[in-house]
Structure formats: C-alpha cells, structure tokens
Amino acid sequence: GYLKTAKFIQLSKSDWDSYETSWDFTSLPLLRSVHRQFTLKASYQNLRAHWHEMMLEMQRLEEENNRIFIDAYGLQDELTPEVPLREITLTCNPHYRYGGDKTEEELEALLLADTMRELVSYAVGCMLGRYSLDKPGLILANQGETLADYLAQVPQPSFAADDDNVIPMMNAYGDSRDDDWFADDITLRFRQFLRLAFGEAHYEDNLAFIEQALNLKGKRNYSLRDYFLGEFYADHVRRYKKRPIYWLFSSAKGSFNALVYMHRYRPDTVSVVLKYLRDYREKLTTERERQLAASINPATGQGDKTRAIKEAERLAKVLTELDDYERDTLYPLATEQLQMDLDDGVKVNYLKFGAALKKIVGLDAKGED
C-alpha cells in the first residue's frame, strides 16, 4: 500500500510540476533530453506516449485500490473497480482536462495546441529572463531584478534575455510584411528560440508544426504572428488566472503592443515603451509616404495605385491611434515615473496603469485579492 501511495503522489507531482504555474516547475517536458527527437513533431509524439503511459499507470493503480477496497468490504455485487479515463486527474490526460463528449481526434488536437501554447509561453519567459534554456527553474522572479542579475546566473546564455525588458508585438505593414522593424520583435525572437532549442535542420518543419497546431479554427494563412497578436495574451491571462506576470502595453485598437515582465519593471520602463511607440510611428510614417508616392507615380498601374491609396488611408488611421495613445495615456504615465510594490499584488499594480495596459475583463472585480 505504501509503495502504491508513493507512486500515486509521484505521478501527480510529476504531472503538476510540468506546468510553469507550479512552484517546482524547472523546465518544459518537451525540451528535456529524454523526450527529444530530431523534430519537434517526433519529440511531441514521444512525450505524448509518455503521458499516455502515465495515465494508464494511474488508472491501473486506482483500479487496484478499488479492488482491494471492494474485496475488503465484500462489495463485489454493488461496486465495480473500473475507473473511467475522465476521472484520472492528470493535466496531461485530455479526457480529464477537456471533459465533455469530444472525439479522440478533438481531444488530441486540444492537447497538442495547449502543449504548443506552453512552448510559446516558455519561450517568452526565456525572452524576458524569467527562464533560461541554459539553467533549470526560475531565473528572475523578484521585484527589481535586472539583466545583471540574470547574467550572474547565466553568464553566457545561448538565448539571451531581452536587454530593456520591452518586447514589441506589432504588425508589419507594407509589401514586404517584414518582421525586422524591431530586432527584438516577439515573432522574430520566437523563431530564434525555436532554432536554438530544436536546431536548424528541421526549423521550417518545426515552425509549420507549431503554426498548424495553434490554428485550431483552421484560418487561412495563419501564422505565428497571428497567434501573438490574437490569442497569446488572453492565453497568458488565463494561465495565470487573471493575475498576469507579463503586462501588455496596448493602444486603443491594438495597433501598438509591447510586453514587459513585471518583476523587471522600473520607474523608467514606461519611457522605454514610449521610445518603441515613437520608433514605430516613424516607421509607419515612412511607409505611408512610400504608399502615397506610389499612388501618384505615373509608372504605377491603376490596381496598384488603388491599393496604395487604401494602404495609405489605413496607415493614417493607425498613426492617429498612436498619436492619441501617446498624448492621452503613455506620455503622461511616462512622466509620472510610477513606483510599484509587487507585494501589493498584481491586481492593485496592473490597475495603476489604467488605459496604458490591455484591459483584463474581471480584473477589477470586487471581493478578490
């Protein structure tokens, strides 16, 4: 009995600690050498098989326990020892995690999507210095810690933490749809992370595997950038139960977005965000001028002219949004040099930033910490 109990506890703990919201989380199961294969897909299949074994082992132990109980009390006629899969309480068990009457195929798609979301979340943690590919466990997790504190723990990171604790998350405009407007753009940095964590050889396949897994709704031309600009922050807020540790500075319609890690927040952080906003506006202004020039260029065909005019109009609206955000919200906040005490909790501090941060529905609900 004792050994069985120990095994129960070990399985449950191992399952719980595989997720970054656990105090004892050290690294992502997907990245552990025991599950690593040549491609991300093969690594996932290996990990999935391991989870399946865990689930069956847990089921076997529970059914064995039931048998002992039934035999001890002579309840053979009243009870059966069988335990349905949906009652095996492991997060890695999709029957329990998603419940309901979903097909095996739907359950697998949900589990794969969530596992890829966890990979993205871990990568963002590495970008902001919360985690590192080179050292297990938390790296920066105390108020006011800096890049110097990070380098003291990880002197030569294979994938370095962001130097200014501000990671832009923006759409690229124009013909090229280039990502490299900012060297630390979140999509660009995730691609670097993927190359480092899973190698160069199958990089394209690995990226496609993630994008397909995240695209549960089957949207056309869905990309990693679409995930970052769409569901990523909502996923983060859900993961941390409306007490997010990464905060999203976001203009009214979300044309400008920048992510910061609250543990690395300093009174000048908003000024750094403001600098990104101004850089972005400059790039968009140049792009708009380029489109306007194309729209009046005699060498431009009629279709291209129409497209250029539309793009210039769209960019004008975005620029107005950015101007409003700076004037009404970000600039006044930057001049305040807001101090923050993390002991007051996420809720109190997040609300101090008002309209500068993306609104979290229900964060200001009464009666919660």
Minimum heavy-atom separation for [X] to [Y], with atom names?
X    : Y    : answer
L111 : T115 : O-OG1, 2.7 Å
E87  : V83  : CB-CG1, 4.0 Å
N171 : R225 : OD1-CD, 3.9 Å
E63  : P81  : CG-O, 3.4 Å
Y246 : H236 : N-NE2, 3.1 Å
L207 : R191 : CD2-NE, 4.1 Å

Gap between atom [atom2] of [Y] and atom [atom1] of [X] - 0.5 Å precision:
X    : Y    : atom1 : atom2 : value
M169 : I186 : CE    : CD1   : 5.0 Å
D268 : L274 : CG    : CG    : 11.5 Å
R243 : L363 : CZ    : CG    : 5.5 Å
E53  : H50  : CD    : NE2   : 9.0 Å
D162 : D184 : CG    : CG    : 5.0 Å
I167 : L188 : CD1   : CG    : 11.0 Å

Aromatic contact between [X] and [Y], with the criterion being ring centroids under 6.0 Å apart: yes or no?
X    : Y    : answer
F249 : Y276 : no
F232 : F190 : no
Y73  : F69  : yes

Is [X] reaching over with its side chain to a backbone N or O of [Y], donor-acceptor style, under 3.5 angstrom?
X    : Y    : result
N93  : L85  : yes
S121 : E118 : no
T300 : I296 : no
N257 : L248 : no
S18  : P29  : no
D15  : T91  : yes
N206 : L40  : yes

Parallel, tilted or perpendicular: rings of Y325 and F256 (30°, 60°): tilted

Geometric class of the Y44/W51 ring pair [parallel <30°, tilted 30-60°, perpendicular >60°]: perpendicular

Is there a side-chain contact between [X] and [Y], using heavy atoms and a 4.5 Å cut-off?
X    : Y    : answer
M116 : V120 : no
Y98  : E106 : no
R288 : L284 : no
S250 : Y233 : no
R32  : T26  : yes
L216 : L110 : yes
T21  : Y240 : yes
F193 : C126 : yes

Audit row: D323, T320, side-chain hydrogen bond (donor to acceptor under 3.5 Å, both in side chains) steps and yes/no: CA-CA 5 Å; D323 286 342; T320 305; 5.5 Å; no

Salt bridge flag under 4.0 Å for residues [X] and [Y]:
X    : Y    : answer
R48  : E108 : yes
D114 : R97  : yes
E313 : K310 : no

Are [X] and [Y] connected in the hydrophobic side-chain network, where two residues link if heavy atoms are under 4.5 Å apart?
X    : Y    : value
F198 : F159 : yes
Y331 : V270 : yes
W16  : L30  : no
I139 : L151 : yes
I245 : L351 : yes

More than 12 heavy atoms from other groups under 6.0 Å of [atom1] on [X]:
X    : atom1 : answer
K305 : NZ    : yes
R60  : CZ    : yes
F25  : CZ    : yes
K253 : NZ    : no
Y203 : OH    : yes

Donor-acceptor side-chain pairing of R189 and Q192 below 3.5 angstrom: yes

Distance-only donor-acceptor check, side chains D226 and S223, under 3.5 Å: yes

Side chain to side chain contact (heavy atoms under 4.5 Å, CB included) between V272 and R266, worked out: CA-CA 10 Å; V272 181; R266 302 186 336 196; 6.0 Å; no

Full working for salt bridge (Lys or Arg N to Asp or Glu O under 4.0 Å) between E231 and R117: CA-CA 10 Å; E231 300 109 289; R117 286 189 190 109; 5.1 Å; no

Side chain to side chain contact (heavy atoms under 4.5 Å, CB included) assessment of L322 paired with S251: CA-CA 7 Å; L322 301 189; S251 57; 4.3 Å; yes

Residue pair Q10, K13: steps toward the side-chain hydrogen bond (donor to acceptor under 3.5 Å, both in side chains) verdict: CA-CA 5 Å; Q10 187 242 318; K13 187 165 167 27; over 6 Å; no

Residue pair E64, R67: steps toward the salt bridge (Lys or Arg N to Asp or Glu O under 4.0 Å) verdict: CA-CA 5 Å; E64 220 171 281; R67 268 187 210 99; 5.8 Å; no

Row check, Y222 ring normal vs K217 NZ/CZ: under 6.0 Å, within 45°: no

R130 charged N/C atom sitting above Y150 aromatic ring, 6.0 Å / 45°: no

Side chain to side chain contact (heavy atoms under 4.5 Å, CB included) between H95 and E104, intermediate numbers included: CA-CA 9 Å; H95 301 269; E104 285 289 335; 3.0 Å; yes

R327/D324 under side chain to side chain contact (heavy atoms under 4.5 Å, CB included): CA gap, chis, key distance, verdict: CA-CA 5 Å; R327 185 189 61 246; D324 293 348; 3.1 Å; yes

